[in-house]
Colleague: 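Quick one: this structure, given as structure tokens, is what I'll be asking you about.
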Amino acid sequence: MTDTDPDQALARLRRFASEIVTETELGKRLHSAADERQPLRVKFGIDPTFTDVHVGHAVPIRVLRLFQDLGHLPVLILGDATARLGDPTGRNEQRPALTEEQVEHNAATYLEQIGKVLDLAPGRCEVRRNSEWFTPMGFFGALRLLSRATIARMLERDDFQKRIEQRLPIHLHEMAYPVMQGWDSVEVRADVEIGGNDQLFNLHMGRLLQEREGQRAQVCLTTPLLLGTDGRKMSKTYGNHVALTDAAEQVYGKVMSLSDEGMADWFRLATDIGEEEAAALLAGHPREAKGRLAWELCRWIHDQEAADHAAAEFVRRFKKKELPSDIPAVEIAAGNYPLPNLLHQAGLCNSTSEARRLIKGGGVRLDGTVVADVAQQVEVGHGNAVLVQVGKRRFARVRPA
RNA sequence: GGGGAGAUACCGAAGUGGCCAAACGGAACGGACUGUAAAUCCGUUGGCUCAGCCUUCAGAGGUUCGAAUCCUCUUCUCCCCA
């Protein structure tokens, strides 16, 4: 335990909270934890359904980090059991089932990435997998657990409600999801659970189940959902996410294409910049503010050097409209190619048809000049690398293999 | 167990014998304008040896000169009744 004043701790946590159930209760627990020198057990669960953790996921993890810095104990739950089922939250269809191998692989990559935000050292953090208790539970154990929730309660969730209205299938096992997540809280005796604000229902389920088990119901702290590059909720499914595995240039570029409206949230949730400084930045030119934001994100996900480089590269490419300094080289068999085929072979387009369309649309440059002729022949021979550009972001130097 | 409706391209959704590679909308991509923002405007959106050809409308068969459209079976979903 650190000696941070509990009231101060609460104030710092509030920055990330969209809702706290209840704030009074959280305050009390922070106080009693300090008095008894007994860290709070702060739970956060993440299902290893994909290979990348993105910045949106990282928000609750940052809250976990904050709790950790305040001397509390994060309990990170890798939902290897729940991942195989799939969280129906916000879904209008069932998720595909994952195999055990996929889940294991994803779990490993998740831990590595989460380690960038949270100190995972034993003693500083507890990492659990929920297969630990769900596997031995057995069918009847599972039924006993499910008997604690009702259909009516589940139907309060509007994602289920919508699916019913739209006459989409809802499978029984999908209803099990919130109950499983709630049971995790019972198993780890969570004092607090963190989650995105779309998780509120699931977090409440944890309270309910804990009470039935005679435990003190956890405090729920939800964080606002970070919006992705297209203004929708950040999600891998939408492809609008900034991943913790993205290269610095990608991170910088993606952040720069955020909408202005979303910026304030990003400053608050994804950086450590203080409120006043953030307000000052936001009052200035949005481009400057966004540049700072992009730089901060790069520094966080990579390091300062990478951030500086990404910033310089960005200016070079989009302000001065120069070519990027590192254009990937692509080798293909030497020969004379019709332009569409060249683009396809070099991997810049998915098909020659797509290449033709882009050429007709004026989106293709050869050695810096727009080429609108579909029939253009390009010689790929010894010594002469051809600089090919498709749109604003796809570049390659094509040379013979 | 019985009855009814349905499965169309990335998604939503028209089409119900030839004029359908398939309306429309969303999304995406390219172009213009910019701050690689948003908004707006224009274009594109199955593949190819590209003014022509080839493969698509849940899957497998069938009818027909010709099928996304009709018939049979299969798989999946929704609704109603038991």
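Lettering of chains follows the sequences in order, A, B, ..., and the numbering in each one begins at 1.
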Colleague: Report yes if some heavy atom in the side chain of A/R14 is under 4.5 Å from a heavy atom in the side chain of A/L10; otherwise report no.
Modeller: yes
Colleague: Given that both distances must come in under 3.5 Å, which nucleotide forms a Watson-Crick or G-U wobble pair with B/rA7?
Modeller: B/rU75
Colleague: State, to 0.1 Å, how close A/V179 and A/A149 come at their nearest heavy-atom pair, and which atoms those are.
Modeller: CG2-CB, 3.9 Å
Colleague: Could you tell me the Watson-Crick or G-U partner of B/rU45, where both distances fall under 3.5 Å? Say none if there is no partner.
Modeller: B/rA27
Colleague: Rounded to the Å, how far apart are A/N350 CG and B/rC48 P?
Modeller: 10 Å
Colleague: If you assign each of A/P286 and A/H344 to its closest nucleotide in RNA chain B, which residue comes earlier from the 5' end?
Modeller: A/P286
Colleague: Between B/rG46 atom P and A/R356 atom CZ, what is the distance in whole Å?
Modeller: 14 Å
Colleague: Side-chain donor-acceptor pair under 3.5 Å between A/Q210 and A/S185, yes or no?
Modeller: no
Colleague: Using side-chain heavy atoms (C-beta onward) and a distance below 4.5 Å, is A/S147 in contact with A/L145?
Modeller: no
Colleague: Using the C1' atom as the point on both nucleotides, what is the distance between B/rC71 and B/rA22, in whole Å?
Modeller: 23 Å
Colleague: Sticking with atom P, work out how far B/rC54 lies from B/rC42, rounded to a whole angstrom.
Modeller: 35 Å
Colleague: Ignoring hydrogens and angles, state whether a donor on the side chain of A/E249 or A/H309 is under 3.5 Å from an acceptor on the partner side chain.
Modeller: yes
Colleague: Name the nucleic acid region contacted by A/K360, choosing base, sugar-phosphate or nothing; use a 4.0 angstrom heavy-atom cut-off, strictly under.
Modeller: nothing
Colleague: If we call it a pair only when both distances are under 3.5 Å in a Watson-Crick or G-U wobble match, what pairs with B/rG18?
Modeller: B/rC65
Colleague: Looking at A/Q181, A/Q199, A/H204, which one forms a side chain to side chain donor-acceptor pair (under 3.5 Å) with A/E193?
Modeller: A/Q181
Colleague: Please state how far atom OH in A/Y337 lies from atom P in B/rU49, giving the value in whole angstrom units.
Modeller: 13 Å
Colleague: On a plain distance test, is the side chain of A/S353 in donor-acceptor contact with the base of B/rC50 below 3.5 Å?
Modeller: yes
Colleague: Grab the CD-C1' distance between A/E313 and B/rU36 for me, whole Å please.
Modeller: 14 Å
Colleague: Would you kindly give the CZ-to-C1' distance between A/R292 and B/rG35, to the nearest whole Å?
Modeller: 19 Å
Colleague: Which whole number of Å gives the distance between the C1' atom of B/rG18 and that of B/rU64?
Modeller: 12 Å
Colleague: When the P atoms of B/rU16 and B/rG6 are considered, how many whole Å apart are they?
Modeller: 13 Å
Colleague: Please report the distance separating the P of B/rC79 from the corresponding atom of B/rC57, rounded so that it comes out in whole Å.
Modeller: 28 Å
Colleague: What's the gap between B/rU55 and B/rG47 when it is taken at their C1' atoms, as a whole Å value?
Modeller: 7 Å
Colleague: So what does A/T352 hit on the nucleic acid, given a heavy-atom distance under 4.0 Å: a base, only sugar-phosphate, or nothing?
Modeller: base
Colleague: How does protein contact run along nucleotides 29-34 of chain B, one letter per nucleotide 5' to 3', with B for base contact, S for sugar-phosphate only, - for none, heavy atoms under 4.0 Å?
Modeller: SSS---
Colleague: So for atom CZ, which belongs to A/R12, do other residues, nucleotides or ligands contribute more than 12 heavy atoms lying within a distance under 6.0 Å?
Modeller: no
Colleague: Without decimals, in angstroms, what is the distance between A/R287 CZ and B/rA37 P?
Modeller: 11 Å
Colleague: Expressed in whole Å, how much space separates the C1' atoms belonging to B/rA14 and B/rG25?
Modeller: 11 Å
Colleague: Taking a pair as Watson-Crick or G-U wobble with both distances under 3.5 Å, which nucleotide is matched to B/rG1?
Modeller: B/rC81
Colleague: Please walk me through it: do A/W300 and A/D272 pass side-chain hydrogen bond (donor to acceptor under 3.5 Å, both in side chains)?
Modeller: CA-CA 10 Å; A/W300 164 36; A/D272 294 318; over 6 Å; no
Colleague: Expressed as a whole number of Å, how far does the C1' atom of B/rA60 sit from that of B/rU75?
Modeller: 11 Å
Colleague: If you draw a 6.0 Å radius around NZ in A/K28, do more than 12 non-hydrogen atoms from other residues or ligands fall strictly inside?
Modeller: no
Colleague: Tell me which nucleotide, if any, is Watson-Crick or G-U wobble paired with B/rU40 when both distances must be under 3.5 Å.
Modeller: B/rA32
Colleague: If I take atom CE in residue A/M256 and atom P in nucleotide B/rA38, what distance separates them, rounded to the nearest angstrom?
Modeller: 12 Å
Colleague: Under 4.0 Å between a side-chain N/O of A/S351 and OP1 or OP2 of B/rC48, yes or no?
Modeller: yes
